[in-house]
Amino acid sequence: MRVTITQWAPASVTVRMQFLISIVWSDGPLTDGSLRQALRESTQDTHAALDALGDVSTLAHYKRFLLATYQFRHHVEPHVMTVRGWTIAPLVPALHADLIDLEVEPQAADLPKDEVRSHSAQIGTLYVLEGSSLGAKFLFRRAQQIGLTDRFGARHLGQQASGGSRWPKFMQLLDQAIDIDKNAAIAAAQQTFASAYAIYAKAFNDLPQTA
Ligand code: HEM
């Protein structure tokens with residue numbers, strides 16, 4: 001078990017300086033020099049930019065975050081539903097229900113379709129989807145602070161936060177993968193993060209500054 005202390009400076013949209021310190025418990029194997037390490041290092045800048053955008057401290061902000069997450073998952077999940085024995089736990093149904101709870105129209109993002117991708121590229125994308133559950137534990141606590149639950153408005157975060165054994169299992173899959181083109185996996189993870197950033201940035205930039 002590992003303890004990570006992460007510090008954010010979110011709320012860039014509302015120009016409120018708010019530093020959050022969170023202690024995150026993580027159970028997966030951490031092999032230095034591993035594929036996971038390479039994926040993590042090559043995407044950390046975009047992840048940090050996403051953290052800075054992901055303010056969910058008010059319901060108005062949360063709704064934007066929710067719509068962006070729906071758009072992102074709706075765009076990406078169909079390409080990696082099952083990859084060589086690994087099946088994702090789709091978030092789209094819970095996200096859709098959360099949007100309905102909060103009376104937000106489930107509108108898909110207008111993005112070009114991804115082309116058919118290699119197994120290595122799919123692994124890179126899977127890393128991004130599965131890893132996002134680590135941050136979801138923190139985000140779920142924040143959502144609960146504004147009155148949402150795993151039965152209303154934050155179903156998808158509840159689902160991710162309770163999926164405890166998925167990440168260690170996915171780490172095993174990465175550790176055991178022998179026929180992966182590392183560069184292709186990294187490029188795909190970066191591309192997936194870039195799509196996420198574009199979607200979240202649009203959602204938050206559209207938010208009225210007074211919300
Ligand atoms: C928007 C607010 C977000 C916050 C506050 C957040 C926060 C976090 C935190 C605390 C971790 C755990 C870090 C660790 O254990 O060392 C994490 C991991 C991760 N998050 Fe996020 N995250 C956010 C959004 C996202 C999004 C939208 C994605 C996907 C597009 C994402 C992908 C990942 C990945 C792949 C990891 C695993 C990194 C690793 O290999 O350790 N996160 N996030």
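Order of appearance sets the numbers: ligands from 1, and atoms from 1 within every ligand.
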statement: Closest to atom 13 (C) of ligand 1 by heavy-atom distance, out of Arg36, His47, Arg40, is Arg40
- prompt: If you measure from each non-hydrogen atom of Ala196 to ligand 1, which part falls under 4.0 Å: side chain, backbone, both or neither?
  reply: side chain
- request: Give a yes or no on this: more than 12 heavy atoms of other residues, nucleotides or ligands lie within 6.0 Å of atom CD of Gln145.
  value: yes
message: Among Ala136, Gly131, Ala194, which one puts a heavy atom closest to atom 36 (C) of ligand 1?
response: Gly131
query: Any idea which atoms of ligand 1 are less than 4.0 Å away from a heavy-atom of Tyr127?
result: 35 (C), 37 (C), 38 (C), 39 (C), 40 (O)
Exercise answer: donor-acceptor pairs, residues 152-162 side-chain atoms, under 3.5 Å, sequence neighbours excluded:
unit_1 : atom_1 : unit_2 : atom_2 : d
Arg155 : NE     : Asp101 : OD2    : 2.9
Arg155 : NH2    : Asp101 : OD1    : 3.0
Arg155 : NH2    : Asp101 : OD2    : 3.1
Arg155 : NH2    : Arg151 : O      : 3.0
His156 : ND1    : Asp98  : OD2    : 2.8
Gln159 : NE2    : Pro90  : O      : 3.2
Gln160 : NE2    : Ser132 : OG     : 3.2
Ser162 : OG     : Gly158 : O      : 3.0
Ser162 : OG     : Gln159 : O      : 3.1

query: Under the ring-ring contact (aromatic ring centres under 6.0 Å, His included) rule, what pairs show up with a residue in residues 74-97, not counting sequence neighbours?
result: Tyr70-His74, Trp86-Phe170
- request: Would you check whether Asp51 has a nitrogen or oxygen atom less than 3.5 angstrom from a nitrogen or oxygen atom of ligand 1?
  value: yes
field: Leu39 side chain near Val128 side chain, heavy-atom distance below 4.5 Å
entry: no
Leu99 side chain near Glu105 side chain, heavy-atom distance below 4.5 Å: no
- prompt: Do we see a donor-acceptor contact under 3.5 Å between the side chains of Ser133 and Arg166?
  reply: no
message: Heavy atoms only: which of Phe193, Tyr197, Phe204, Trp167 lies closest to atom 32 (C) of ligand 1?
response: Phe193
query: Would you say Tyr200 and ligand 1 have an N/O pair spaced under 3.5 Å apart?
result: no
field: Subset of ligand 1 atoms that lie under 4.0 Å from at least one heavy atom of Ser132
entry: 20 (N), 28 (C), 29 (C), 31 (C), 32 (C), 33 (C), 34 (C)
- prompt: Less than 4.0 Å between a side-chain N and a carboxylate O, is that true for Lys202 and Asp110?
  reply: no
- request: Using a strict cut-off of 4.0 Å, indicate which atoms of ligand 1 neighbour a heavy atom of Phe72.
  value: 30 (C)
